[in-house]
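Whatever order the structure lists ligands and atoms in, that order sets their numbers, starting from 1.
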Amino acid sequence: MSLRVSDQNCEPRHISPLRDSFQRPMQDLRISVIDRCNFRCTYCMPEENYGEHYSFLSKNDWLTFGEIVRLTKLFVQLGVSKVRLTGGEPLLRPNLNQLIQHLGQLAGIHDLALTTNGAFLSGQAKELFESGLCRLTVSLDTLDEEIFQRMNGARGTVQHVLDGITKATSAGFRNIKINAVIQKNVNDGKLIDLVTYARQAGHILRFIEYMDVGNCNHWKSTAVVPSKTILDLISSRYPLIPIKPNYYGEVAERYHFQDGQGEIGFISSVSQPFCGTCTRLRLSTDGKLYTCLFATSGTDLRTPLRDGATDTELIDIIAKVWHKRNDKYSENRYLFQALTSKPTKIEMYQIGG
Ligand code: SAM
Ligand code: SF4
Ligand code: SF4
């Protein structure tokens with residue numbers, strides 16, 4: 001068994017991070033390692049827009065592992081201490097464990113996590129753990145096979161995902177998080193099943209409000225099930241006690257079950273936006289830097305990187321972007337319910353969740 005190199009890095013550390021125009025520190029980096037996905041979730045990559053002839057990035061467009069590691073080192077110098085690998089479906093990126101090994105050895109990263117749809121987890125869980133991945137989040141919106149198929153474009157099965165989670169637990173992952181996006185009249189009727197499963201299996205379930213990411217999921221505010229509605233429903237079956245955030249900028253509101261059997265969380269980006277403490281930046285598969293999930297444009301880092309820019313020059317570009325960052329899309333959505341202009345946004349699968 002290979003050494004879990006990241007063990008010594010999965011610890012908090014203290015440096016003075018770069019602050020944006022609202023004094024928000026740079027802290028969490030999300031790296032999309034691939035723009036392709038084996039699922040076609042209706043709320044993210046609907047089949048009608050991403051059919052078999054859709055042209056995704058070519059391999060030459062992808063940042064190489066060397067480029068990702070080099071940029072990550074620079075982000076760490078500016079304040080980043082948490083890194084999450086995402087996509088598209090990150091487990092489709094060949095040899096991902098090699099990237100994890102390299103990132104796990106970077107001083108200054110105390111949390112290296114990955115979000116996956118779980119379809120390939122069974123076959124990769126052991127390798128991911130042994131490469132030094134600290135934490136795992138698996139997306140699973142329902143345990144109902146028919147609803148699951150309807151939500152993901154009839155790709156993969158619930159059982160595949162559950163098997164993947166079981167394998168991940170056997171491989172050594174602890175406190176696995178399960179992300180569930182809830183849509184009204186789609187999967188809101190089966191919430192308690194998911195809660196019961198997660199409690200019994202010892203996983204941390206987090207409900208994510210359905211968001212208006214990208215340009216093609218036909219989002220309507222009436223399709224959002226507010227966290228409060230879900231909280232009330234769960235509390236009537238399993239009483240809950242609120243608990244404090246783990247760290248500054250944590251997006252989930254956390255609760256313990258009163259009977260002591262585990263934890264649950266709510267990410268309420270629509271009903272209770274948290275832009276005021278948003279510490280996240282996102283690197284797309286082709287090396288563009290985005291400072292908001294709802295951004296309309298990014299800053300190209302790949303071109304200067306491939307043109308021979310020095311570390312100082314790259315840091316200068318990144319620092320300028322963060323200094324002038326003034327994103328607060330979700331707060332504006334909340335304040336001005338129907339946004340009057342409809343700008344073309346980046347798609348979620350291009351920059352990850
Ligand atoms: N493919 C991986 C997965 O699904 O876990 C990683 C990428 S996916 C874009 C990351 C997260 O974004 C998932 O948990 C997914 O449920 C969430 N997501 C995608 N579209 C969303 C939407 N419209 N509203 C809320 N969450 C969304
Ligand atoms: Fe793929 Fe994840 Fe988007 Fe679903 S949410 S289509 S699994 S990238
Ligand atoms: Fe952060 Fe943008 Fe989401 Fe606000 S809308 S919390 S700024 S990513």
Side-chain angles (χ1 to χ4, degrees), residues 20-22 24 26-28 30-47 49-50 54 56 84-93 113-121 136-142 148 151-153 155-156 161 164 177-183 186-187 205-220 223-225 249-252 267-270 272-282 284-285 290-296 325-335 339 345-353:
D20 71 7
S21 69
F22 296 144
R24 298 170 295 189
M26 179 189 286
Q27 182 176 291
D28 303 61
R30 311 213 141 201
I31 304 172
S32 174
V33 293
I34 192 161
D35 62 338
R36 296 160 201 234
C37 188
N38 51 314
F39 282 8
R40 288 293 177 272
C41 301
T42 49
Y43 51 70
C44 177
M45 294 176 83
E47 184 88 57
N49 296 75
Y50 299 97
Y54 185 81
F56 289 95
R84 179 172 293 275
L85 301 178
T86 176
E89 174 45 44
L91 300 191
L92 285 174
R93 176 88 189 230
L114 176 136
T115 307
T116 172
N117 63 29
F120 305 115
L121 194 52
L136 194 62
T137 300
V138 182
S139 302
L140 179 62
D141 301 325
T142 179
F148 186 70
M151 291 183 79
N152 73 22
R155 320 273 179 116
V161 181
K177 292 203 172 101
I178 298 183
N179 276 357
V181 177
I182 305 302
Q183 290 174 291
V186 178
N187 59 340
L205 179 60
R206 300 192 315 175
F207 290 103
I208 306 179
E209 285 179 348
Y210 173 38
M211 294 184 284
D212 50 337
V213 290
N215 311 287
C216 49
N217 65 9
H218 307 292
W219 184 87
K220 292 191 298 281
V224 178
V225 183
E250 185 169 42
V251 297
I267 302 180
S268 318
S269 9
V270 179
Q272 290 168 264
F274 36 77
C275 299
T277 55
C278 179
T279 57
R280 298 178 170 195
L281 68 166
R282 297 175 157 87
S284 67
T285 311
Y290 292 87
T291 56
C292 179
L293 193 51
F294 302 90
T296 51
R325 174 181 189 245
N326 61 1
D327 308 285
K328 49 175 185 161
Y329 179 93
S330 291
E331 274 185 16
N332 288 338
R333 180 210 306 106
Y334 182 78
L335 292 173
L339 292 172
K345 293 170 278 182
I346 184 73
E347 296 294 339
M348 190 141 178
Y349 72 89
Q350 293 171 308
I351 52 171

Review point. Is it true that the side chains of T279 and D28 contain a donor and an acceptor less than 3.5 Å apart?
Key: yes
Next on the checklist: Regarding D212 and Y329, do their side chains bring together a donor and an acceptor under 3.5 Å, going by distance alone?
Outcome noted: yes
Ligand 1 atoms nearer than 4.0 angstrom to some heavy atom of G87 are 7 (C), 9 (C)
In ligand 1, the atoms that come under 4.0 Å of a heavy atom of V213 are 22 (C), 23 (N)
Closest to atom 6 (S) of ligand 2 among protein heavy atoms sits C41 N, 3.4 Å
So for T116 against ligand 1, with non-hydrogen atoms under 4.0 Å, the contacting part is backbone
Numbered in order shown, the ligand 1 atoms found under 4.0 Å of a heavy atom of C44 are 19 (C), 20 (N)
One finds that the ligand 2 atoms under 4.0 Å from a non-hydrogen atom of F39 are 6 (S), 7 (S)
All heavy atoms of Y50 vs all of C44, minimum pair found to be CE1-O, 4.4 Å
Under 3.5 Å between any N/O of T86 and any N/O of ligand 1: does that happen in this structure? no
**Message:** Looking at N152 and F39, would you say the former's side chain and the latter's main chain have a donor-acceptor pair under 3.5 Å?
**Reply:** no
Taking only non-hydrogen atoms of G88 and a 4.0 Å limit, the atoms of ligand 1 in range are 1 (N), 2 (C), 6 (C), 7 (C)
Of all the heavy atoms in G87, does at least one lie under 4.0 Å from an atom in ligand 2?
no
For S139, the atoms of ligand 1 under 4.0 Å from one of its heavy atoms are 3 (C), 4 (O), 5 (O), 13 (C), 14 (O)
A student checking ligand 1 against E89 at a 4.0 Å heavy-atom cut-off should list atoms 1 (N), 2 (C)
Checklist entry - Considering distance alone, does some N or O of D141 sit under 3.5 Å from an N or O of ligand 1? => result no
Nearest heavy-atom contact between L92 and R36 is CD1-O, 3.8 Å
Ligand 1 to N217, heavy atom cutoff 4.0 Å, flagged ligand atoms 23 (N)
Checklist line | Polar proximity ligand 1 side, I208 side, N/O cut 3.5 Å exclusive | finding: no
Fill in: Donor + acceptor pair across side chains of S32, T285 (<3.5 Å)
yes
Quick note on ligand 1: atoms under 4.0 Å from a heavy atom of M348 include exactly 9 (C), 12 (O), 17 (C), 18 (N), 19 (C), 20 (N), 21 (C), 27 (C)
Next on the checklist: Quick one: does any side-chain atom of N215 pair with a main-chain N or O of K345 as donor and acceptor, under 3.5 Å?
Outcome noted: yes
* Asked: Would you say the side chains of N38 and E89 form a donor-acceptor pair under 3.5 Å?
  -> no
The closest protein heavy-atom partner of atom 3 (Fe) of ligand 2 is C44 SG, 2.4 Å
Nearest heavy-atom approach of T116 to L136 is CG2-CD1, 4.3 Å
Going by the 4.0 angstrom heavy-atom rule, the piece of T115 near ligand 1 is both
The residue among K328, R325, R280 that forms salt bridge (charged side-chain N to carboxylate O under 4.0 Å, His left out) with D20 is R325
re atom 2 (Fe) of ligand 2, the protein heavy-atom contact at minimum distance is C37 SG, 4.4 Å
Review point. Is a side-chain donor or acceptor of R93 paired with a backbone partner of V33 at a separation under 3.5 angstrom?
Key: yes
Point to revise | E331 side chain vs F274 backbone, donor-acceptor pair below 3.5 Å | key: no
Closest non-hydrogen contact found for V181 with D141 is N-OD1, 2.9 Å
Which of R206, K177, R84 passes side chain to side chain donor-acceptor pair (under 3.5 Å) with T137? Answer is R84
Heavy-atom closest pair (Y210 atom, Y43 atom, distance to 0.1 Å) is CE1-CB, 3.5 Å
Protein-side N, O or S atoms sitting under 2.8 Å from atom 4 (Fe) of ligand 3 are C275 SG
